[in-house]
Amino acid sequence: MNNKAKNLLFLIILIGCSHQFSTPSKLENLNPNREIGPKPRIMGKTRAIFHLIAPKEVELLLLNQGTQKEESIIVNKTLSQIEMSHGDWEIVGLKLNHKIYRINKLKKKFVFHLKNDQLTYVGSYILDCAFNNKVYLSSLKKMSFYNIYHFSSDTNLCEMVVGSEYKRVNRVWKSLKSDNKSLHLGF
C-alpha cells in the first residue's frame, strides 16, 4: 500500500473511534436534577448523648427492653450522640481492651429511657477493669450522683461508673449547637 492509502485507512479508523466516543452515554441521558451516588445518611431525631470520661473508646452492648433485641454501639468521643430508637435501654455488656464483659446478673442494672424525637443525656461514664477511685476522684466529685455497675469476662472483672453531670454537659452541649436546645434527662 502506498502512503495515501495508509493515511486514508488511518483517517477512517480515527474518525470511527472519535464517533464512538462522541455518542451520548447512559449517564448523560439521566435526569440532571437527580443525584448520582450514595445519599448521605440523615440522622434521626431520637438520639442518646453519652459523656465518656474514661477510657477514650468503648463498645457498649445494649438491650432494648421493649423488643428484647441487643444492639452494639461504639462511644468514641467525650460527647457522643448515637441515633437509637425510643424506649428503655439496659446496658448488658461492654467491650474494652479487646475483651468482652457481661453484666453480673445478680447485681443492679443501669437502664435509661429515650423519648421519641428527643436528644437525651444518658449519663457520664467511667469504665475500668482495675478500678482505682483515687484516679477518678476529681471526676466523681463533679457528679451530682453516681452508681457502680459490675461486669465480668472469663478472666477479669470490670466496673462501670454512671453518674450525672447534667448541668455541665447540657451547658457544653448548648454552646456547641446553634439551636440552643436543652438535653432531656434519660435516667
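One-based numbering along the sequence shown. Since we're looking at a predicted model, the values are computed, not measured.
Glu70 meets the salt bridge (Lys or Arg N to Asp or Glu O under 4.0 Å) test with Arg102; sequence neighbours excluded. Legend: residues meeting salt bridge (Lys or Arg N to Asp or Glu O under 4.0 Å) with Arg171, ordered by chain and number and at least two apart, are absent. Listed by chain and number, the residues in a side-chain hydrogen bond (donor to acceptor under 3.5 Å, both in side chains) with Glu59 are Ser72 (sequence neighbours excluded). By the side-chain hydrogen bond (donor to acceptor under 3.5 Å, both in side chains) test, Thr67 pairs with no residue at all, sequence neighbours left out. The ring-ring contact (aromatic ring centres under 6.0 Å, His included) search around Tyr125 returns Phe50, not counting sequence neighbours. For Ser182, the side-chain contact (heavy atoms from CB on, under 4.5 Å) partners two or more places apart in sequence, or in a different chain, are Tyr166, Asn170, Lys174. Scored by the side-chain contact (heavy atoms from CB on, under 4.5 Å) test, Asp117 finds Lys45, Thr46 as partners (sequence neighbours excluded). Here Leu157 pairs with Ser152 under the side-chain contact (heavy atoms from CB on, under 4.5 Å) rule; sequence neighbours left out. When the side-chain hydrogen bond (donor to acceptor under 3.5 Å, both in side chains) test is applied to Asn97, no partner is found at least two apart in sequence or on another chain. Here Gln118 pairs with Lys115, Thr120, His184 under the side-chain contact (heavy atoms from CB on, under 4.5 Å) rule; sequence neighbours left out. Remark: Tyr121 pairs with Ser124 by the side-chain hydrogen bond (donor to acceptor under 3.5 Å, both in side chains) rule, at least two apart or across chains.
Checked against a 6.0 Å centroid threshold, the rings of Tyr149 and Phe110 count as neighbours.
Residues Asp88 and His113 bring a donor and an acceptor atom of their side chains to less than 3.5 Å of each other.
Judged as a disulfide (SG to SG under 2.5 Å), the pairs with a partner in residues 143-187 (not counting sequence neighbours) are, in order, Cys129-Cys158.
Other residues, nucleotides and ligands contribute only 12 or fewer heavy atoms inside 6.0 Å of the NE2 atom of His86.
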